[in-house]
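In what follows, every chain begins at residue 1, and chains take the letters A, B, ... in the order their sequences are listed. The structure displayed is predicted, hence computed values, not measured ones.
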There are 2 protein chains.
Amino acid sequence: MDATVKRKVRSPKSARPPPLQPVEPAHESDGAHLELRIWLRLLTCATRIEKALNARLRKEFNTTLARFDLLAQLARRPDGASMSEVSDLLMVSNGAITALVQKLEADGMIHREVDSADRRTFRLRLSQDGAKEFGRMARRHEEWVIALIGELSPVAQSDLLQHLTLLKRRLDKHA
Amino acid sequence: MDATVKRKVRSPKSARPPPLQPVEPAHESDGAHLELRIWLRLLTCATRIEKALNARLRKEFNTTLARFDLLAQLARRPDGASMSEVSDLLMVSNGAITALVQKLEADGMIHREVDSADRRTFRLRLSQDGAKEFGRMARRHEEWVIALIGELSPVAQSDLLQHLTLLKRRLDKHA
DNA sequence: CAATAATGTTTCACTCTTAAAATATCTTGT
DNA sequence: ACAAGATATTTTAAGAGTGAAACATTATTG
């Protein structure tokens, strides 16, 4: 994570404006590249939030972030989705989706019906019970996220979202 | 750790300025709260980058991000660290650290010596071979991260880092 | 109209992680 | 000094994820 090794891979130093007035308090800033530090912070924040949400989902609903995310994807797709689509959306392997779906179906949260046009694929849909339960979870989930992130000022939030969106777009292109 | 019964976790709506001029193009913006969308993007970006780095570490060095991160922590601590310290730093459970350390020691990447003052704790240090191998990995790792994130303009990078740092601070306080 | 390729899902063996119990060692208060 | 508690690590069982192979179905093409 650290990579205190210096070696220019990209643009020469002159391309980056010299930090005359350091934008950051330089508290734990070693000489590492900006990119490295961004990645570190990104990972830290995501991990922290993910662990918090997972713990609460487990405690309050005896479920998991993966299950919740799957339900969330179905909730916003009234026409359902196939296993592969869900697999792509959640960035999780096919095998994992199979297991997830089996459990969620056994728990009565989702329906799984063979596609009439292509008997290889399943159409996954939220069941009525699933929709209700997801609604409960989603409300709490939203409260938690707001509690975690909401302390940032609205301006900071909007900026952060913009930058993350930008980053995501670059990552898309990179793939 | 309880955001339990609370309708409004934060300030009432009036505290957030009405978006007369939407700061974001509203391309895929459903009505979800800003916080939710930030969390989603954050998770997406982190997952994408993590998977990319992990795949490359596996392919090129037959290792893993967890191993690399552990080595990185030791690399910046010439006096070494205990298991628990590493566990905290990596935000990974103690059990996982035990397994990680055993493998890394077996591979000759790190030394593990009992602390002379406290026989419960181990002092973990990078071995010479470990330091060399970590150096190689760190150089490549840095290149990868720069390739992934570096397409953002220097200004965007600096902004993003600032905002993530701010977020991390809030998360710290929250815990 | 086969043969072959492509696609969607499942299975499998393996790895990693976690939480909690177990173990070992130190620290403290009396 | 010693019981009680705190701290550091390991063990254990269970849960989840992965990539690759297997399997089933559909598409393509010569």
Side-chain angles (χ1 to χ4, degrees), chain A residues 43 46-48 50-71 80-107 110-125, chain B residues 1 43 46-48 50-59 61-71 80-107 110-125:
Chain A
L43 182 60
T47 305
R48 279 257 238 298
E50 190 174 10
K51 279 187 197 294
L53 293 179
N54 234 325
R56 291 170 193 196
L57 276 174
R58 160 120 16 244
K59 177 186 274 186
E60 211 162 299
F61 296 99
N62 190 38
T63 192
T64 208
L65 203 51
R67 283 169 61 104
F68 177 78
D69 288 346
L70 176 19
L71 294 181
S82 73
M83 310 277 278
S84 302
E85 282 165 2
V86 167
S87 170
D88 287 345
L89 288 167
L90 301 193
M91 295 189 285
V92 133
S93 75
N94 273 339
I97 295 296
T98 296
L100 263 183
V101 161
Q102 282 172 351
K103 271 203 199 160
L104 285 171
E105 194 189 17
D107 293 350
I110 67 179
H111 292 310
R112 171 165 67 156
E113 28 188 90
V114 291
D115 188 311
S116 51
D118 184 340
R119 279 178 307 181
R120 287 171 302 183
T121 88
F122 290 109
R123 210 79 213 148
L124 307 177
R125 276 179 235 275
Chain B
M1 227 254 247
L43 182 60
T47 305
R48 278 257 237 300
E50 191 174 10
K51 278 186 197 294
L53 294 179
N54 233 325
R56 291 170 194 196
L57 277 174
R58 162 117 16 241
K59 177 185 274 188
F61 296 98
N62 191 36
T63 191
T64 209
L65 202 51
R67 283 169 61 105
F68 177 77
D69 288 347
L70 175 19
L71 293 180
S82 73
M83 310 276 277
S84 303
E85 284 165 1
V86 167
S87 170
D88 287 346
L89 289 167
L90 301 194
M91 296 188 287
V92 133
S93 75
N94 272 339
I97 296 295
T98 296
L100 264 183
V101 161
Q102 282 173 350
K103 270 201 198 161
L104 284 170
E105 194 188 17
D107 293 350
I110 67 178
H111 291 310
R112 171 166 68 156
E113 28 188 89
V114 291
D115 189 311
S116 51
D118 183 341
R119 280 179 306 180
R120 289 171 303 180
T121 88
F122 291 110
R123 210 80 212 147
L124 307 177
R125 276 180 234 275

Can you check whether B:Phe122 reaches B:Asp115 side chain to side chain, under 4.5 Å on heavy atoms?
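A side-chain contact under 4.5 Å is absent here.
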Close side-chain approach of B:Thr64 and B:Leu57, heavy atoms under 4.5 Å
no
[X] near the nucleic acid: base, sugar-phosphate alone, or nothing, with a heavy-atom cut-off under 4.0 Å?
X	result
B:Ala99	nothing
B:Thr121	sugar-phosphate
A:Ser84	sugar-phosphate
B:Ser82	sugar-phosphate

Between [X] ([atom1]) and [N] ([atom2]), how many Å, whole number?
X	N	atom1	atom2	answer
A:Leu100	D:dA16	CG	P	8 Å
B:Leu89	D:dA8	CG	P	13 Å
B:Glu113	D:dT9	CD	C1'	17 Å
B:Glu85	D:dT7	CD	P	14 Å
B:Phe122	D:dT9	CZ	C1'	7 Å
A:Arg58	D:dA16	CZ	P	6 Å
B:Arg112	D:dA8	CZ	P	16 Å
B:Gln102	D:dT12	CD	P	12 Å

Donor-acceptor list for residues 94-102 of chain A side chains, cut-off 3.5 Å, not counting sequence neighbours:
residue: A:Asn94; atom: OD1; partner: A:Ser87; partner atom: OG; Å: 3.3
residue: A:Thr98; atom: OG1; partner: A:Asn94; partner atom: O; Å: 3.4

If you round to the nearest 0.5 Å, how far is [atom2] of [Y] from [atom1] of [X]?
X	Y	atom1	atom2	result
A:Arg112	A:Thr121	CZ	OG1	11.5 Å
A:Met83	A:Arg120	CE	CZ	14.0 Å
B:Leu65	B:Glu50	CG	CD	5.5 Å
A:Lys103	A:Thr63	NZ	OG1	9.0 Å
B:Ile110	B:Leu104	CD1	CG	5.0 Å
A:Arg67	A:Asp69	CZ	CG	12.0 Å

Can you tell me if the side-chain N/O atoms of A:Lys103 get under 4.0 Å from OP1 or OP2 in D:dG15?
no
According to a strict under-4.0 Å criterion, is B:Lys51 in side-chain N/O contact with OP1 or OP2 of D:dT18?
yes
Which two nucleotides bound the region of DNA chain C that has atoms under 4.0 Å from heavy atoms of chain B, read 5' to 3'?
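Result: C:dC16 to C:dC26.
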Nucleic acid footprint by protein, nucleotides 21-26 of chain D - heavy-atom cut-off 4.0 Å, B for base, S for sugar-phosphate alone
---BBS
